[in-house]
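Position 1 is the first residue of the sequence; numbering continues from there. Any value given below was found using the heavy atoms of this structure, including those in side chains, with hydrogens, waters and symmetry copies removed.
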Amino acid sequence: MFKALVLDQADKITTSSIQELDVSQLPEGDVLIDVEYSSLNYKDGLAITGKGKICRQFPMVPGIDLVGTVAESTDDRYTAGQKVVLTGWGVGEGHWGGMAQKARLKADWLVPLPEKLSGDQAMKIGTAGLTAMLCVQALQDAGITPEKGEILVTGASGGVGSVAVTLLAQLGYQVVAVTGRASENGEWLKALGASRVVERSEFEEPARPLEKQLWAGAVDTAGSKMLAKVLAQMDYDGAVAACGLAGGFDLPTTVMPFILRGVKLLGVDSVYAPYDRRQKAWSRISDLLPASYFQDGCREITLEEVPEAAEAITNGQIKGRVVIKL
């Protein structure tokens, strides 16, 4: 028997409860894992509170991230006792996820845990950190170097944004962090590496087709009007790595930034990123993140505390990363 957070739904209302389950109840997979840690992402928050149509079936164990030790494996790539990490692949949405003491998963979804990282550190990175690293790599691949100018990060207080700020600063970029809580989180973001912090309200006016050129590159987690504003303010030959839709999935912009300034809009996905790209990103992020990030940018909770934290993260009341100890 093992403990899990289980979501169910009746009359379109989602409920959550801590339950004792048997291993035989786990879905099919190649690898049985003793889960050590999971994490709470914005998508998890939407699933647990029922504020978003995340779960494709019920009952569902949420948790799009997990790290743990292989207990059993029918796949030659993984053996008992090996440490592995999982992010994405629809886990916690259509396949039981990480907010349980055991999980059974497909071997193709796993990546060996980098030797430099502990389990809790891996979850302090998680999907958010992996996505942030993929965004940074996309900007680098687009030729955006530190000497070209400032890099804007929207949603900087969140999981993806806070890791992106840290990574970019570690690589020598001048980072401008956008947050709706500058007075509350400004000093924290500067401690992570932001050179300055600006209020989200400065980006809430509708964007003109082109505005003053301000940013060499950007990591955007918001979408919608915020992304439109950022695109209008990009330098000539700049690039935006877009990975989120916290502000909405629409994009009220024009072709002007693309055809008159050569701006590149780079879509970044971590859910189905291929193994080689994931492994490279995990290796890179384990080299770059300083010890201070794991101390200052994260907090740990228990499984029992998850529902309350889920409500908070969907209300924009969580900063940094939240790790769940199983």
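With respect to the salt-bridge test (charged N to carboxylate O, under 4.0 angstrom), the residues R196 and E150 qualify. Looking at K106 and D108, no side-chain N of the basic residue comes within less than 4.0 Å of a carboxylate O on the acidic one, giving no salt bridge. A salt bridge links K124 and D120; the closest N-O separation between the charged side-chain nitrogens and carboxylate oxygens is under 4.0 Å. Salt bridge status for K43 with E93: present, with a side-chain N to carboxylate O gap under 4.0 Å. A salt bridge does not link R261 to D237: none of the charged nitrogens lies less than 4.0 Å from a carboxylate oxygen. Ion pair E300/R321 not flagged as a salt bridge, since none of the NZ, NE, NH1 or NH2 atoms sits closer than 4.0 Å to an Asp/Glu carboxylate oxygen. Using a cut-off of 4.0 Å between Lys/Arg side-chain N and Asp/Glu carboxylate O, K148 and D235 are scored as not salt-bridged. Checked for salt-bridge contact, E36 and K83 meet the test: a charged N lies under 4.0 Å from a carboxylate O.
Judged purely by distance below 3.5 Å, without hydrogens or angles, the side chains of Q82 and T69 never pair a donor atom with an acceptor atom. Using a 3.5 Å distance cut-off with no hydrogens or angles, the side chains of D65 and S39 do pair a donor with an acceptor. For the 3.5 Å distance criterion, the side chains of E147 and T145 qualify, holding a donor opposite an acceptor. Side-chain atoms of E311 and T49 form no donor-acceptor pair, as typed in the model, at a separation below 3.5 Å. Between the side chains of D75 and S73, no donor-acceptor pair of N or O atoms lies under 3.5 Å. No side-chain N or O of Q295 forms a donor-acceptor pair with one of S292 less than 3.5 Å apart. A donor-acceptor pair shorter than 3.5 Å cannot be found between the side chains of N185 and K190. For the residue pair D250/S224, the side-chain donor-acceptor check at 3.5 Å is satisfied.
Counting only heavy atoms from C-beta outward, the side chains of W282 and L117 approach each other to under 4.5 Å. With contacts defined as side-chain heavy-atom distances shorter than 4.5 Å, the pair D30/R104 does not qualify. In this structure the side chain of L289 reaches within 4.5 angstrom of the side chain of T166, judged on heavy atoms. A heavy-atom distance below 4.5 Å is found between the side chains of S24 and D22. Inter-residue side-chain proximity for L303 and L326 is flagged as met; some heavy-atom pair is nearer than 4.5 Å. Counting heavy atoms from C-beta on, the side chains of I301 and V306 come closer than 4.5 Å. Residues V85 and L66 have side chains not in contact (no heavy-atom distance under 4.5 Å, counting atoms from C-beta outward). At a threshold of 4.5 Å between non-hydrogen side-chain atoms, the residues I125 and F294 count as touching.
Rounding to the nearest 0.5 Å places OG of S17 at 8.5 Å from CG of L7. Summarising the geometry, atom CZ belonging to R208 is positioned 6.0 Å from atom NZ belonging to K229; distances are rounded to the nearest 0.5 Å. T314 OG1 to I48 CD1: the interatomic distance, rounded to the nearest 0.5 Å, is 9.5 Å. Atom-to-atom distance recorded for Q140:CD and C135:SG is 11.5 Å, nearest 0.5 angstrom. Rounding to the nearest 0.5 angstrom, the gap separating the OG1 atom in T14 from the NZ atom in K53 is 11.0 Å. Rounding to the nearest 0.5 Å gives a distance of 5.5 Å between CD1 of I324 and CG of L40.
Side-chain atoms of R278 come within 3.5 Å of backbone N or O of T87 as a donor-acceptor pair. At distances below 3.5 Å, at least one donor-acceptor pair connects side-chain atoms of D269 with backbone N or O atoms of V271. With E305 contributing its side chain and T302 its backbone, the two residues share a donor-acceptor pair below 3.5 Å. Judged by distance alone, the side chain of W96 and the main-chain N or O of P59 form a donor-acceptor pair under 3.5 Å. Between the Q174 side chain and the G149 main chain, no donor and acceptor come within less than 3.5 Å of each other. No donor-acceptor distance shorter than 3.5 angstrom exists from the side chain of S283 to the backbone of Q279, with no hydrogens or angles considered. Side chain of T154 to backbone of T221: a donor-acceptor contact under 3.5 angstrom is found. Under the 3.5 Å distance criterion, the side-chain polar atoms of D141 are left unmatched by any main-chain donor or acceptor of A138. When atom types are taken as modelled, the side chain of Y173 and the backbone of I144 share a donor-acceptor pair closer than 3.5 angstrom.
Linking Ile, Leu, Val, Met, Phe, Trp and Tyr residues whenever their side-chain heavy atoms come within less than 4.5 Å leaves V136 and V160 in two separate clusters. L245 is not connected to V268 by any chain of hydrophobic side-chain contacts under 4.5 Å among Ile, Leu, Val, Met, Phe, Trp and Tyr, and they are in different clusters. Two different hydrophobic clusters hold V153 and Y42 under the rule that ILVMFWY side chains link at heavy-atom gaps under 4.5 Å. M234 and L266 are assigned to two separate hydrophobic clusters, defined by single-linkage of ILVMFWY side chains at heavy-atom distances under 4.5 Å. The cluster map of Ile, Leu, Val, Met, Phe, Trp and Tyr, joined by side-chain heavy atoms under 4.5 Å apart, puts I151 and L214 in different clusters.
A4 and L21 get closest at one heavy-atom pair: CB-CD1, 3.8 Å. Nearest heavy atom pair, residue I64 against residue D44, reads N-OD1, 3.2 Å. Closest approach of L110 to Y275, counting heavy atoms only: O-CE1, 3.6 Å. Between Y272 and G90 the shortest heavy-atom distance is OH-N, 4.3 Å. Scanning all heavy atoms of the two residues, the minimum distance from A218 to V230 falls at CB-CG1, 3.7 Å. Closest heavy-atom contact between G97 and V91: CA-CG1, 3.2 Å.
At most 12 non-hydrogen atoms from other residues, nucleotides or ligands lie less than 6.0 angstrom from CG of D76. In E28, the CD atom is not crowded: 12 or fewer heavy atoms of neighbouring residues, nucleotides or ligands sit closer than 6.0 Å. Environment of CD in E205: sparse, with no more than 12 heavy atoms of neighbouring residues, nucleotides or ligands closer than 6.0 Å. Heavy-atom neighbours of K280 NZ from other residues, nucleotides or ligands within 6.0 Å: at or below the threshold of 12. Within a 6.0 Å sphere centred on NZ of K102, other residues, nucleotides and ligands contribute more than 12 heavy atoms. The number of heavy-atom neighbours closer than 6.0 Å to CZ of R277, taken from other residues, nucleotides and ligands shown, is 12 or below. Taking a 6.0 Å sphere around CD of E72, one finds it holds 12 or fewer heavy atoms contributed by other residues, nucleotides or ligands.
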Full working for side-chain contact (heavy atoms from CB on, under 4.5 Å) between V197 and T179: CA-CA 7 Å; V197 178; T179 177; 3.7 Å; yes
side-chain contact (heavy atoms from CB on, under 4.5 Å) between K264 and F258, intermediate numbers included: CA-CA 7 Å; K264 294 173 281 293; F258 310 111; over 6 Å; no
From CA spacing to verdict: side-chain contact (heavy atoms from CB on, under 4.5 Å), L134, Q137: CA-CA 5 Å; L134 292 171; Q137 290 176 327; 3.7 Å; yes
From CA spacing to verdict: side-chain contact (heavy atoms from CB on, under 4.5 Å), R299, V323: CA-CA 6 Å; R299 69 184 179 100; V323 174; over 6 Å; no
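Between W89 and H95, the distance from one ring center to the other does not fall under 6.0 angstrom.
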